[in-house]
Colleague: 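The structure's right below; bear with me while I get my questions together.
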Amino acid sequence: MRATCGIFLICFLASLQLATCHIYSLRVTNDARRVIDLGAFGLGKGGVMQLEIKSLTVSDPVAEKSNKNIGFTLDWVKTALTARHEKNYAKGEGARRGRCFIDDSQVQPNEPPPDWRKVYPLEDKLAQSSPVVQSYEKHTITTPGMYALFFYNCKKLDSNATEQQTVPVSFEVTVTLYNIDAKGNISYLSYGKTILPEMYACFTVLFLSCLGGWIFMCVNYSQDVIRIHHVMTSLLILKILSLFCYSMKELWVQHGGQVTAWNYLYHTFLMLKGIMLFAVILLIGTGWSLFHQYLSERDKRTLAAIIPLQIMINVSIAVIQETSEGSPTWAFWRDSLLLFDVICCCVILLPIILSIKQLSETQVLDGKEEATLNRLRSFRTFYALVVSFIYFTRIVVPFIETALPYEVTWIAEFLSEVAALVFYIFAGVRFGPKPPKEKTVEPKEMKQLIDN
């Protein structure tokens with residue numbers, strides 16, 4: 001397992017050398033997609049987009065000289081989700097009907113602002129010479145909003161044809177996007193994410209306060225501290241380090257727009273934190289050191305399977321997040337990896353369910369109502385908490401993020417960190433070091449809990 005971890009860590013750090021920010025380049029080779037979505041970015045009034053085409057060629061010499069539309073377009077969209085819907089329509093039904101992206105009314109907003117689209121046509125330049133090399137002047141935004149950059153290829157597109165032909169293209173493009181505040185300062189963060197450095201700094205302080213409270217609890221009840229509490233301390237430290245590095249990463253991106261050493265540190269701590277989080281959930285779910293001192297063979301096998309898979313998933317997600325959306329496999333790998341992440345989360349829940357079942361059966365055999373009832377309460381509550389946390393952070397938050405207006409896209413990350421804060425606090429209070437409570441158990445209460 002250590003060898004596997006080392007290999008994926010090396011691949012992870014190597015892949016980040018190709019990562020992109022809001023000054024980014026994309027290279028496409030022999031790509032037949034009709035529409036390529038290069039990503040959405042929130043631009044306020046006075047925001048700037050600059051496009052530099054370093055090379056553009058069309059594989060078919062005849063199509064290359066035709067007057068069919070080809071180029072780039074910067075479109076005002078309501079949300080990032082809208083941009084993805086437009087791309088999917090243009091690649092699917094729109095292409096089947098032979099409709100060129102920039103001429104199709106189906107991909108236009110219902111009530112667009114007057115300057116909602118900026119087109120960079122290249123068909124005339126291709127007819128004159130190939131490859132096309134073109135550097136455009138800066139385009140200043142007058143209508144604030146979410147803007148999506150698309151590449152469109154309408155070569156050999158025919159509305160009368162029953163079967164459309166494709167024409168592969170190759171190009172390399174560099175895109176620069178930034179906002180300018182009232183003081184004239186440049187920010188390379190999307191308009192709705194300019195507060196992220198300060199927000200994550202605040203969450204770092206909040207989790208530091210939690211660490212202080214956790215250490216105070218461990219010192220006060222030092223005689224009740226067990227091994228799982230040391231693992232939980234490590235998890236909290238890794239969470240704080242990942243938050244701090246993310247805050248610094250976004251701060252440097254905001255002012256420089258490109259990858260820095262903070263990216264490497266952040267993704268390293270993020271990966272370690274993810275592994276430790278799932279390990280803590282699994283260990284608490286099995287009752288390790290809480291109720292017994294050793295992991296069963298089944299639990300060891302689960303842990304051995306989950307940890308390397310989590311490393312692969314976290315590394316891959318990090319690489320995908322740092323890669324331009326125009327990459328041919330970007331959306332596929334993003335969705336697939338998130339799906340596998342949810343599956344892993346569900347597998348982690350299995351030991352908790354088995355522990356609840358085992359405790360219910362133990363009560364019947366040994367009659368220790370008080371101890372069993374307390375354990376059942378803890379595991380049922382923990383199960384509900386883990387399910388809620390996984391569902392909210394893995395499914396709800398990503399959907400919210402794509403559906404938010406351009407000026408409040410920070411809300412999704414805020415909600416995710418609030419959910420993490422609640423999860424950490426609840427788990428710490430529920431399973432932290434504390435002396436056992438004296439409680440009289442009513443037989444009716446025990447029967448109702450087990451029946452549930």
Colleague: Begin with the C-alpha distance, continue with both residues' side-chain angles, and end with the deciding distance and a verdict on salt bridge (Lys or Arg N to Asp or Glu O under 4.0 Å) for Glu407 and Lys193.
Modeller: CA-CA 8 Å; Glu407 67 268 36; Lys193 296 188 175 183; over 6 Å; no
Colleague: Are more than 12 heavy atoms from other residues, nucleotides or ligands located less than 6.0 Å from atom CZ of Phe399?
Modeller: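 Atom CZ in Phe399 is not crowded, with 12 or fewer foreign heavy atoms closer than 6.0 Å.
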Colleague: Is the side chain of His229 donor-acceptor paired with the backbone N or O of Ile226 at a distance under 3.5 Å, no angle test?
Modeller: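 Yes.
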Colleague: Look at the rings of Trp410 and Phe414 and say which category their plane angle falls in: under 30° parallel, 30 to 60° tilted, over 60° perpendicular.
Modeller: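 Ring orientation of Trp410 relative to Phe414: perpendicular.
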Colleague: Distance-only, no hydrogens or angles: does the Ser209 side chain make a donor-acceptor pair with backbone N or O of Val205 under 3.5 Å?
Modeller: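 Checking the backbone N and O of Val205 against the side chain of Ser209, a donor-acceptor pair under 3.5 Å is found.
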Colleague: Which heavy atom of Leu235 sits nearest a heavy atom of Lys273, and at what distance?
Modeller: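 Smallest heavy-atom distance, with atoms named: CD1-O, 3.7 Å.
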Colleague: Tell me if the OH atom of Tyr391 is crowded by more than 12 foreign heavy atoms within 6.0 Å.
Modeller: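 No, OH of Tyr391 has 12 or fewer neighbouring heavy atoms, counting only those of other groups under 6.0 Å.
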Colleague: Donor-acceptor pair, Arg34 side chain versus Asn153 backbone, under 3.5 Å?
Modeller: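 Yes.
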Colleague: With the threshold set at 4.0 Å, does a side-chain nitrogen-carboxylate oxygen contact exist between Asp31 and Arg33?
Modeller: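 Between Arg33 and Asp31 there is a salt bridge, with a charged N closer than 4.0 Å to a carboxylate O.
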Colleague: Does Ser247 use its side chain to pair, donor to acceptor, with the backbone of Pro197 at less than 3.5 Å?
Modeller: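 At least one qualifying donor-acceptor pair exists.
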Colleague: State plainly whether the residues Lys78 and Glu86 are in salt-bridge range, i.e. N to O under 4.0 Å.
Modeller: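 No, Lys78 and Glu86 are not salt-bridged.
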Colleague: Decide whether Ser170 and Thr29 meet the rule of one side-chain donor and one side-chain acceptor closer than 3.5 Å.
Modeller: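 Per modelled atom types, Ser170 and Thr29 side chains form no pair under 3.5 Å.
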Colleague: Distance-only, no hydrogens or angles: does the Asn179 side chain make a donor-acceptor pair with backbone N or O of Gly47 under 3.5 Å?
Modeller: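 No.
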Colleague: For Tyr221 and Pro433, which heavy atoms make the closest approach, and how far apart are they?
Modeller: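 For Tyr221 versus Pro433, the nearest heavy atoms are CD1-O, 3.2 Å.
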Colleague: Would you find more than 12 non-hydrogen atoms of other residues, nucleotides or ligands less than 6.0 Å from Trp214 atom CH2?
Modeller: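 Yes, enclosed.
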Colleague: Compare every heavy atom of Leu51 with every heavy atom of Leu149, then report the nearest pair and how far apart it is.
Modeller: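 Looking at all heavy atoms of both residues, the shortest contact is CD2-CD1, 4.4 Å.
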Colleague: For the pair Trp262 and Phe244, evaluate ring pair (Phe, Tyr, Trp, His ring centres under 6.0 Å) and give the outcome as yes or no after the intermediate values.
Modeller: CA-CA 10 Å; Trp262 289 110; Phe244 175 73; 5.7 Å; yes
Colleague: Taking the six-membered ring for Trp, are Tyr191 and Tyr406 parallel (under 30°), tilted (30 to 60°) or perpendicular (over 60°)?
Modeller: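 The arrangement is tilted - the two ring planes meet at 30° to 60°.
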Colleague: Kindly say whether Gly42 contributes a backbone atom to a donor-acceptor pair with the side chain of Ser190 at under 3.5 angstrom?
Modeller: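 Judged by distance alone, yes, a pair lies under 3.5 Å.
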Colleague: Of all the heavy-atom pairs spanning Leu385 and Ala427, show the shortest one and how long it is.
Modeller: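 Leu385 and Ala427 have their closest heavy atoms at CD2-N, 4.4 Å.
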Colleague: Distance alone, cut at 3.5 Å: any donor-acceptor contact between the side chains of Thr143 and Trp76?
Modeller: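 No pair is found: no donor N or O on one side chain lies under 3.5 Å from an acceptor on the other.
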Colleague: State which residue, out of Glu250, Glu413, Lys249, fulfils the side chain to side chain donor-acceptor pair (under 3.5 Å) condition with Tyr200.
Modeller: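 It is Glu413, the one option of Glu250, Glu413, Lys249 that forms the side chain to side chain donor-acceptor pair (under 3.5 Å) with Tyr200.
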Colleague: Could Lys118 and Tyr120 be counted as a cation-pi pair, given that NZ or CZ must be under 6.0 Å from the ring centre and within 45° of the axis?
Modeller: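 Yes - Lys118 lies over the ring of Tyr120, closer than 6.0 Å to its centre and within 45° of its axis.
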Colleague: Keeping Asn185 on the side-chain end and Asp181 on the backbone end, is there a donor-acceptor pair under 3.5 Å?
Modeller: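 Checked: no pair found.
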Colleague: What do the steps show when you test Phe423 against Phe389 for ring pair (Phe, Tyr, Trp, His ring centres under 6.0 Å), and what is the final call?
Modeller: CA-CA 7 Å; Phe423 179 81; Phe389 178 69; 4.5 Å; yes
Colleague: Would you please test Met49 and Ile141 for side chain to side chain contact (heavy atoms under 4.5 Å, CB included) and show each step?
Modeller: CA-CA 8 Å; Met49 195 281 283; Ile141 300 298; 5.6 Å; no
Colleague: What closest approach, in Å, do Ala80 and Met146 show between heavy atoms, and which atom pair accounts for it?
Modeller: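 Smallest interatomic distance, heavy atoms only, reads N-CG, 4.2 Å.
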Colleague: Between Phe150 and Leu38, which heavy-atom pair has the shortest distance, and what is it?
Modeller: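 In terms of heavy atoms, the two residues are closest at C-CD1, 4.5 Å.
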